[in-house]
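Okay, so here's the structure we're looking at.
The figures here come from the full heavy-atom set of this structure, side chains too, leaving out hydrogens, waters and symmetry mates.
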Amino acid sequence: MKKFLALLIVGLIFSFGQSSVSAQGKILVAYFSRIGEEYGVGNITKGNTAIVAEIIAKKTGADLFEIKTVKSYPNNYDECTKVASREKAQNARPELATRVNNFDSYDTIFIGSPVWYSTSPMAIYTFLESYNFSGKKIIPFVTHAGSGLGDIPQRFSLICPDAEFLKGLAVRGSVAQNNSAEVESKVEEWLEKIKIDL
């Protein structure tokens, strides 16, 4: 009997220790980010959204996945904006070069992108249409130069109507590049508000 009680106590302690995993299930942070000439921050070697994605993954213990396109976007800022504008006008779906393994095993998915012309790059919509998000939690996060989340939450919900959406996070690109402490603080505060265990 004593042995049984000891095993039961150990089991309960282990269960409580695992609560941060079981609360959200398995977590994925999927993001699209761009390097090169960037508005307001100059030439960058790590994308604004990549910086935020890495902080979220670190805080939540999530797996990290970079969404990459087969055809890269131009490094030159003006050239990139022309491509982005054309893709948005055409409602294009750029081909992706990467794919998530075991996507069905994830319960909570953070999706990050820059904001281009008040929405995500069209590659994000290719990503959303490539998987079944039914029953999953989707949490958007963006980097921007003044537009906030833009129309991203609305567009995401139209593409994935059977998913549960949590409040998104918007971080200025200049802050992501120049003040990691502020980004960490913003991320921690946001995760607490949307009840994601740290």
Side-chain angles (χ1 to χ4, degrees), residues 27-41 44 46-53 56 62-104 106-174 176 190 194:
I27 303 173
L28 178 69
V29 176
Y31 70 95
F32 173 87
S33 199
R34 177 184 163 273
I35 59 172
E37 188 181 5
E38 188 63 53
Y39 179 81
V41 292
I44 57 175
K46 179 176 279 190
N48 302 330
T49 311
I51 291 169
V52 180
I56 294 170
D63 293 334
L64 199 59
F65 175 79
E66 184 176 2
I67 300 165
K68 294 181 180 179
T69 53
V70 171
K71 186 175 181 180
S72 299
Y73 288 91
N75 281 342
N76 177 273
Y77 177 76
D78 289 336
E79 290 300 316
C80 185
T81 60
K82 290 175 185 175
V83 173
S85 177
R86 184 169 61 249
E87 286 185 348
K88 182 182 179 184
Q90 296 171 348
N91 199 26
R93 294 295 184 267
E95 185 181 354
L96 302 184
T98 52
R99 185 163 182 85
V100 179
N101 293 322
N102 304 315
F103 179 83
D104 291 344
Y106 293 100
D107 304 288
T108 299
I109 302 160
F110 291 84
I111 301 177
S113 77
V115 179
W116 291 355
Y117 293 99
S118 298
T119 196
S120 287
M122 293 296 106
I124 290 290
Y125 300 112
T126 306
F127 177 80
L128 289 172
E129 292 171 358
S130 298
Y131 304 93
N132 181 4
F133 285 87
S134 297
K136 298 185 185 296
K137 288 180 181 175
I138 296 177
I139 312 171
F141 65 97
V142 304
T143 53
H144 66 99
S147 60
L149 285 160
D151 69 5
I152 288 167
Q154 295 82 5
R155 290 194 67 165
F156 278 21
S157 63
L158 287 173
I159 294 173
C160 305
D162 298 321
E164 177 187 352
F165 287 86
L166 274 63
K167 182 178 174 63
L169 174 71
V171 176
R172 281 187 175 269
S174 56
W190 169 58
I194 62 175

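S147 pairs by the side chain to side chain contact (heavy atoms under 4.5 Å, CB included) definition with V115, H144, not counting sequence neighbours. With sequence neighbours left out, the side chain to side chain contact (heavy atoms under 4.5 Å, CB included) criterion links I35 to no other residue. For N75, the side-chain hydrogen bond (donor to acceptor under 3.5 Å, both in side chains) criterion is met by no residue, not counting sequence neighbours.
Looking only at side-chain heavy atoms (C-beta outward), E66 and L64 stay at 4.5 Å or farther from each other. Using a 4.5 Å heavy-atom cutoff, the side chains of L169 and F110 are not in contact. The closest side-chain heavy-atom distance from D63 to Y106 is below 4.5 Å. For the pair V52/Y31, no side-chain contact is recorded, criterion being any heavy-atom separation below 4.5 Å from C-beta on. Between P121 and E87, the closest side-chain pair of non-hydrogen atoms is not below 4.5 Å. In this structure, the side chains of F103 and S130 stay at 4.5 Å or more apart for every pair of heavy atoms. Taking 4.5 Å as the limit, some side-chain heavy atom of F141 sits within range of a side-chain heavy atom of T49. At a threshold of 4.5 Å between non-hydrogen side-chain atoms, the residues I111 and L128 count as touching.
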Can I56 and W190 be said to form a side chain to side chain contact (heavy atoms under 4.5 Å, CB included), step by step?
CA-CA 10 Å; I56 294 170; W190 169 58; 3.6 Å; yes
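A donor-acceptor distance shorter than 3.5 angstrom exists from the side chain of K88 to the backbone of Y117, with no hydrogens or angles considered. Within the 3.5 Å criterion, the main-chain N or O of F32 finds no donor-acceptor partner in the side chain of S113. Of the possible donor and acceptor atoms, none in the side chain of S134 sits under 3.5 Å from a partner among the backbone N and O of D162.
Residue R172 comes nearest to A145 through the heavy atom pair NH1-O, 3.2 Å, listed as atom of the first residue, atom of the second, then distance.
The line from CD1 of I67 to CZ of R99 is 12.0 Å long, rounded to the nearest 0.5 Å.
F156 and F165 have tilted rings, their planes meeting at an angle from 30° to 60° on a 0 to 90° scale.
Atom OH of Y131 sits in a crowded spot, with more than 12 heavy atoms from other residues, nucleotides or ligands closer than 6.0 Å.
A side-chain N or O of T119 and one of D151 form a donor-acceptor pair less than 3.5 Å apart.
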